Amino acid sequence: SQQGEEDPQALSIQEGENATMNCSYKTSINNLQWYRQNSGRGLVHLILIRSNEREKHSGRLRVTLDTSKKSSSLLITASRAADTASYFCATDKHDYKLSFGAGTTVTVRA
Amino acid sequence: DGGITQSPKYLFRKEGQNVTLSCEQNLNHDAMYWYRQDPGQGLRLIYYSQIVNDFQKGDIAEGYSVSREKKESFPLTVTSAQKNPTAFYLCASSVGQGASGANVLTFGAGSRLTVL
């Protein structure tokens, strides 16, 4: 079953702008992860945030987690053309079965 | 380089034929997974295996079968019983839950199956 839902479904921004996407989920989790998928390719892990963490940074990525609202956000700062991809959140309930949302498709215009 | 190799990348088959997708990893990961991806949808788990000679059904196992005879290999067979097999299939692996309790997946490049 799919637990995570991303919002918006699609996002188009100018190079240099920030991109923000959100993920909502339904049940308690052990951690939440974000992955990127370039068109026609496999997914690549970006960042993981544990249920007891509220914010995490990795390079130009910033992830927040609000367990009371069961939501997370991914911010990509100073976007580049190479950031054009689909981004998925995945919830981990510590049972081997990561649940993925439908993804947010980000297009960065030059 | 360590990684996951899926083959073939593209596969065309007629209705009623069984097809087998290959997935090999040299990461020494214990756990392996098969996901299906349809346009506009997230990944749905077909089967997963935590250790050799053991596997469990995921959310959409009907019409699929797997085996895990070797740690490195986790082939997926799409049988004729699968009603709508045309999709993008992704294999992944992980060290398992690990000491930290986090299960981070490494994915292959995917196999696109089209049933004619």
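Numbers restart at 1 for each chain; the letters A, B, ... are given by sequence-line order, proteins then strands. Below, each value reflects all heavy atoms present in this structure, side chains not excepted, and no hydrogens, waters or symmetry copies. What you are looking at is a predicted structure, and each value in this text was computed from that prediction instead of being measured.
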Taking side chain as everything from C-beta outward and backbone as N, CA, C, O, which of these in [X] sits under 4.5 Å from a heavy atom of chain A? Side chain, backbone, both or neither.
{"X": "B/Gln56", "value": "neither"}
{"X": "B/Ala31", "value": "side chain"}
{"X": "B/Leu45", "value": "side chain"}

- Task: Determine whether the side chains of B/Asn103 and B/Tyr33 contain a donor N or O and an acceptor N or O closer than 3.5 Å.
- Result: yes

- Query: Do you see a donor-acceptor pair shorter than 3.5 Å between the side chains of A/Thr105 and A/Ser86?
  - Reply: yes

- Which residues pass the side chain to side chain contact (heavy atoms under 4.5 Å, CB included) test with B/Pro75, sequence neighbours left out? B/Thr20, B/Ser67, B/Ser73

- Query: So which pairs with a foot in residues 48-92 of chain A pass ring pair (Phe, Tyr, Trp, His ring centres under 6.0 Å), sequence neighbours left out?
  - Reply: none

- Ring geometry between B/Phe107 and B/Tyr35 (parallel below 30°, tilted from 30 to 60°, perpendicular above 60°): tilted

- Message: Below 4.5 Å, heavy-atom pairs only: which of B/Thr106, B/Leu105, B/Ile60 has the largest tally toward chain A?
- Response: B/Leu105

- Query: Which bit of A/Gln37 is near chain B, if near means a heavy-atom gap under 4.5 Å: side chain, backbone, both or neither?
  - Reply: side chain

- Message: Taking every non-hydrogen pair under 4.5 Å, which of A/Leu43, A/Asn31, A/Val44 racks up the most with chain B?
- Response: A/Leu43

